[in-house]
Amino acid sequence: MKVTLSALDTSESSFTPLVVIELAQDVKEETKEWLKNRIIAKKKDGGAQLLFRPLLNKYEQETLENQNLYLVGASKIRMLLGAEAVGLVKECNDNTMRAFTYRTRQNFKGFDDNNDDFLTMAECQFIIKHELENLRAKGEKMIPGYPQAKLYPGKSLLRRLLTSGIVIQVFPLHDSEALKKLEDTWYTRFALKYQPIDSIRGYFGETIALYFGFLEYFTFALIPMAVIGLPYYLFVWEDYDKYVIFASFNLIWSTVILEVWKRGCANMTYRWGTLLMKRKFEEPRPGFHGVLGINSITGKEEPLYPSYKRQLRIYLVSLPFVCLCLYFSLYVMMIYFDMEVWALGLHENSGSEWTSVLLYVPSIIYAIVIEIMNRLYRYAAEFLTSWENHRLESAYQNHLILKVLVFNFLNCFASLFYIAFVLKDMKLLRQSLATLLITSQILNQIMESFLPYWLQRKHGVRVKRKVQALKADIDATLYEQVILEKEMGTYLGTFDDYLELFLQFGYVSLFSCVYPLAAAFAVLNNFTEVNSDALKMCRVFKRPFSEPSANIGVWQLAFETMSVISVVTNCALIGMSPQVNAVFPESKADLILIVVAVEHALLALKFILAFAIPDKPRHIQMKLARLEFESLEALKQQQMKLVTENLKEEPTESGKEKAT
């Protein structure tokens, strides 16, 4: 029996709330009523056909503080039809992965009409978000009650409500019981164990699960480097010629781990179904603005913005600003070296113990300044990238990542390159590298997890006291949860988390032959990072909406680029070592040629390894090829069916002509 959306009921008074919509306090009643009607209206009438109710009823609004909060949910059938609409891929009974359809729902593993666990809560919230974002303006020219908030046919209503300040935020609710189970298996019991990646994916979605999977994989991949680097640090500190073996291992290691990660990532995302999800056509991002016109590709009316204006903004404003920031970073670096000279002179004059400790102070101060500059620049980069007015979210993210990576790379590593290749002071390089690495790790742990957690705990205590002080004869559990979560910080994505790992990878790989202990410190940091990031996701920030992902995106390219740069730096450092220079006491040209030749040979080896190791395991390739073959066969059969139907109609028409 075929079930249509028009047959669904949207008047359920009691349902499981999945998503919260917070409106501004002064929103007009006609706007609230219009928004409610559009959310609960049937799909054929342009609605989302979801379940919708206020957090508080009229009696409770008189007793409690009215927060203009509304709950959104959906019936089970609506969720299943929504899963088909967004193209979710699920495992079938024959162990293959296929796009879910409501008509063939019984063919999918784990499906039961009486079972509500077929779709994860993260998938359900993603479906609701998709339906809300696809509420489109039809005949409306403006949002009722707000003539300045203009609409045009096809415009996303939710995006206009957000940019107009009518809707403050939309966020998914935590599931207290499921969250407690996840915490118990994830981070509450500190132990060396694998993370429950599939459970993380079920609760937070694929994007966040991939980050934690990569963090875990990268941490374990660092262990061989740490184990090999420790004896080098302890026993052959000044013998640079022996570091050739260590540096060569590092270069091969950095290539192999990134290629092997691709294979592991393909395994995970195939199992989750996101490797097979079809890419959707990207809508204009919420902040995009321009003059209304007709999109030449879609034929729809939407804002249009000339590309040349965006290019002018990029090259005449953004690029000079980034260059100015890079110059300022180098200026601060030179101040740091002046501080190093001052501390060294003071130590040489006095030679006391406290001045030997003082030698590390400039590096610590510089590390703190680097973190401050990175964070300030991040805000400036976000503002500039938004001002450039990119149409697509992917273009916005790519330009933002490029700006931030260039600045962070120079800001964090410029001083190390200067010490290594200008000052040629290996002792200072080791000291600076160790100080920058350890200080940045400590600061990141404090700023990203522990400080927000402490502030969130204080806020939670205040909310609980406020709710307990109420004399209302109601169950305030849901009310308390929503009020507490709406004040939590918003998780802005995995950008900062990947950036931290990217910089850590740079510290480990760029100067490995000078400070082989860097990998050991990175391993120790990452074991605590797993738990602090888990705490951050579960207790500090609002629950983020799930986002299907097939890989770690542009960060894979960023890590691969860093590994290529590490080949050049390590070869140059080995070529500068006294032991290697002693082999060529008179001819420096020969030394340079040999170093360049070795560097090219290692780069060639990297690219050969990258080519030799397939991105996807053989069994995944076979399954993907099989699915492609089946889809082509199905398309061929559909075309043959149409041809057959057309041929059947032709004799009838010719017969009519003869009869006439």
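Taking the six-membered ring where the residue is Trp, the centroids of Tyr418 and Phe337 are separated by under 6.0 Å. Ring-centre distance between Phe409 and Phe413: below the 6.0 Å cut-off.
Under the ring pair (Phe, Tyr, Trp, His ring centres under 6.0 Å) criterion, Tyr305 pairs with no residue at all, not counting sequence neighbours.
Ser318 and Lys403 share no donor-acceptor pair across their side chains, judged by distance under 3.5 Å alone. Residues Tyr336 and Ser363 bring a donor and an acceptor atom of their side chains to less than 3.5 Å of each other. For the residue pair Gln556 and Glu560, a side-chain donor N or O sits within less than 3.5 Å of a side-chain acceptor on the partner.
The CG atom of Leu158 sits 10.0 Å away from atom CG of Asn134, with the distance rounded to the nearest 0.5 Å. Distance check, rounded to the nearest 0.5 Å: CD of Glu485 to CD of Glu22 gives 12.5 Å. The distance from atom CG of Leu443 to atom CD1 of Ile372, rounded to the nearest 0.5 Å, is 8.5 Å. How far CG of Leu501 is from CG of Asp496: 11.5 Å, rounded to the nearest 0.5 Å.
Nearest heavy atom pair, residue Asn250 against residue Val508, reads ND2-O, 3.8 Å. Residues Ala550 and Thr269 come closest through the heavy atom pair O-CG2, 3.3 Å. Contact between Gly575 and Val595 at its shortest, heavy atoms only, is CA-CG2, 3.8 Å. When every heavy atom of Asn570 is checked against every heavy atom of Ser509, the shortest pair comes out as ND2-O, 2.8 Å.
The backbone N or O of Val596 lies less than 3.5 Å from a partner atom in the side chain of His600, making a donor-acceptor pair. The backbone N or O of Pro144 sits less than 3.5 Å from a side-chain atom of Thr31, completing a donor-acceptor pair.
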Would you sort out whether Asn525 and Phe521 count as a side chain to side chain contact (heavy atoms under 4.5 Å, CB included), showing the intermediate values? CA-CA 6 Å; Asn525 173 78; Phe521 281 115; over 6 Å; no

Starting from the C-alpha separation in whole Å, work towards a yes-or-no answer on side chain to side chain donor-acceptor pair (under 3.5 Å) for Tyr377 and Asn411. CA-CA 10 Å; Tyr377 176 81; Asn411 200 30; over 6 Å; no

Worked check of side chain to side chain contact (heavy atoms under 4.5 Å, CB included) between Tyr366 and Glu340: CA-CA 10 Å; Tyr366 184 51; Glu340 285 283 2; over 6 Å; no

Run the numbers on Leu161 and Tyr146 for side chain to side chain contact (heavy atoms under 4.5 Å, CB included), then give the verdict. CA-CA 10 Å; Leu161 289 165; Tyr146 295 87; over 6 Å; no

Yes or no on side chain to side chain contact (heavy atoms under 4.5 Å, CB included) for Val20 and Lys486, after CA distance, side-chain angles and deciding distance? CA-CA 9 Å; Val20 176; Lys486 87 179 185 70; 5.9 Å; no

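Arg201 has a carboxylate O that lies under 4.0 Å from a charged side-chain N of Glu206, or vice versa, which qualifies the two as a salt bridge. Salt bridge Arg160/Glu140: absent, no basic N to carboxylate O contact under 4.0 Å. Note on Glu259 versus Arg263: no salt bridge recorded, every NZ/NE/NH1/NH2 to OD/OE distance being 4.0 Å or above.
Side-chain contact between Leu499 and Leu405 is present, with at least one heavy-atom pair separated by less than 4.5 Å. Within the 4.5 Å cutoff, the side chain of Trp272 has heavy atoms near those of the Leu210 side chain. With contacts defined as side-chain heavy-atom distances shorter than 4.5 Å, the pair Ile401/Phe502 does not qualify. Using a 4.5 Å cut-off on side-chain heavy atoms (C-beta onward), Leu88 and Ile127 make contact.
Aromatic ring pairs are classed by plane angle as parallel below 30°, tilted from 30° to 60° and perpendicular above 60°; the pair Phe126 and His130 is tilted. Using a 30° and 60° split on the angle between ring planes, Tyr217 and Trp261 fall in the tilted class, from 30° to 60°. Taking the six-membered ring where the residue is Trp, Tyr498 and Tyr211 present perpendicular rings, their angle passing 60° and hence far from 30°.
Within 6.0 Å of the CZ atom in Phe421, the count of heavy atoms belonging to other residues, nucleotides or ligands exceeds 12.
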